[in-house]
Amino acid sequence: MPRETQQQPTKARKSAKADKPRKGAATRAGTKAKATKATSAGRTRRVRPMLTSRAAILALVVIVIALSLAYPLREYVMQRAQIAQLQDERARMEANVEELREREEALNEDAYVEREARARLHYQYPDEIAYIVIRPDSEDEERVDPSEPRDPWFTELWRSVEEADRPDDGL
C-alpha cells in the first residue's frame, strides 16, 4: 500500500500540470483545457484528428512532386516511341537503298539490259522477227467497233431504265 500512495501523488502532479493554463497561451486555449477537465470525469484522452497539418503538407508536397514528374515522364515515353519508329523507318530505308544498289549493279550488266529491253519494250535485232500473241477476247463479251460513235452515259442510263420497266417477252 505504501507504493500506491506514492504513485498517486505523482499522477496528481502530472494532471495538475496539464490542468494549468500555460503562460502566454490564448484565452481560448485556456477555456478549452477547462472544458476538457470539466467534461472528463476520469482519464479520457483527447482524440487526435486523422489529418494533421503536417500530414496535409506532406501529402501536398507528394502531389506536387508527382505532378512535376508526370509531364517529363510522359514526354520521355513519347520520345522513346518516336525513336523506335524512326529506327524502324531507317531500317526500311537502308533495305531500300540496298535494293536500289543491287538494281544499279544489274543495270550495269549488258545481258540484263538486253533481257529487259526484249521483255518489256519488245525490242529485237534487225534480222529477228518478233511475234506478239494476242489472246482472243471471251465470246460472251460483245465487240464494240471503236469507229462507231457511242451515246453519252446518261442516254445509256435512261435506256437501261426503260428496258428494266418493260416486261420480259420470253417468259
Side-chain angles (χ1 to χ4, degrees), residues 1-121 135 138 140-141 150 152-165:
M1 291 273 178
R3 206 173 206 174
E4 289 177 9
T5 55
Q6 288 177 353
Q7 287 180 356
Q8 287 176 352
T10 57
K11 286 183 183 177
R13 271 191 264 145
K14 286 182 182 177
S15 63
K17 284 183 181 177
D19 292 341
K20 288 184 183 178
R22 285 185 263 160
K23 290 182 180 177
T27 55
R28 187 174 180 189
T31 55
K32 233 184 199 183
K34 290 178 186 176
T36 51
K37 182 181 176 186
T39 56
S40 62
R43 299 174 59 190
T44 57
R45 292 187 179 180
R46 180 186 281 178
V47 178
R48 295 183 79 191
M50 293 292 290
L51 184 67
T52 63
S53 61
R54 285 184 182 173
I57 291 172
L58 180 64
L60 183 65
V61 168
V62 168
I63 290 172
V64 167
I65 290 173
L67 290 176
S68 66
L69 292 177
Y71 183 74
L73 185 63
R74 182 175 152 245
E75 288 296 318
Y76 173 77
V77 169
M78 287 176 51
Q79 287 176 356
R80 295 302 297 173
Q82 186 179 10
I83 288 171
Q85 180 184 10
L86 290 174
Q87 286 174 343
D88 290 344
E89 187 177 339
R90 180 181 176 191
R92 278 183 300 201
M93 291 255 195
E94 287 176 352
N96 190 19
V97 167
E98 186 62 33
E99 186 178 307
L100 289 173
R101 283 188 182 141
E102 290 173 3
R103 176 106 170 116
E104 180 187 21
E105 289 174 9
L107 287 173
N108 286 334
E109 297 174 8
D110 291 336
Y112 178 78
V113 172
E114 184 179 344
R115 275 195 318 265
E116 289 296 311
R118 286 176 177 265
R120 290 186 182 183
L121 303 174
R135 296 183 184 168
S138 65
D140 297 337
E141 194 176 299
R150 294 185 64 193
W153 64 271
F154 51 86
T155 306
E156 290 181 20
L157 177 67
W158 186 252
R159 212 176 281 148
S160 69
V161 169
E162 287 177 343
E163 288 176 13
D165 285 342

(Q) Looking at every heavy atom in both Val113 and Leu107, which two are closest together, and how far apart are they? (A)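 Closest approach of Val113 to Leu107: CG2-O, 3.2 Å.
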Q. For residues 153-164, which residue pairs qualify under salt bridge (Lys or Arg N to Asp or Glu O under 4.0 Å), counting only residues two or more places apart or in two chains?
A. Arg150-Glu156, Asp151-Arg159
Q.
Enumerate the salt bridge (Lys or Arg N to Asp or Glu O under 4.0 Å) contacts for residues 98-115, please, sequence neighbours excluded, ordered by first and then second residue.
A.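 Every pair satisfying salt bridge (Lys or Arg N to Asp or Glu O under 4.0 Å) with a residue in residues 98-115: Glu114-Arg118.
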Please table the atom pairs, donor to acceptor, closer than 3.5 Å between any side-chain atom in residues 51-59 and protein atoms at least two apart or in another chain.
unit_1: Thr52; atom_1: OG1; unit_2: Ala55; atom_2: N; d: 3.3

Tabulate below the donor-acceptor pairs under 3.5 Å that side-chain atoms of residues 73-94 make, not counting sequence neighbours, or state none.
unit_1: Glu75; atom_1: OE2; unit_2: Tyr71; atom_2: OH; d: 3.3
unit_1: Arg90; atom_1: NE; unit_2: Glu94; atom_2: OE2; d: 3.1

**Q.** Counterpart residues, salt bridge (Lys or Arg N to Asp or Glu O under 4.0 Å), relative to Arg135 (two or more places apart)
**A.**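 Arg135: no salt bridge (Lys or Arg N to Asp or Glu O under 4.0 Å) contacts found.
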Q. How would you list, by chain and number, every residue that makes a side-chain contact (heavy atoms from CB on, under 4.5 Å) with Pro152, sequence neighbours excluded?
A. Phe154, Thr155
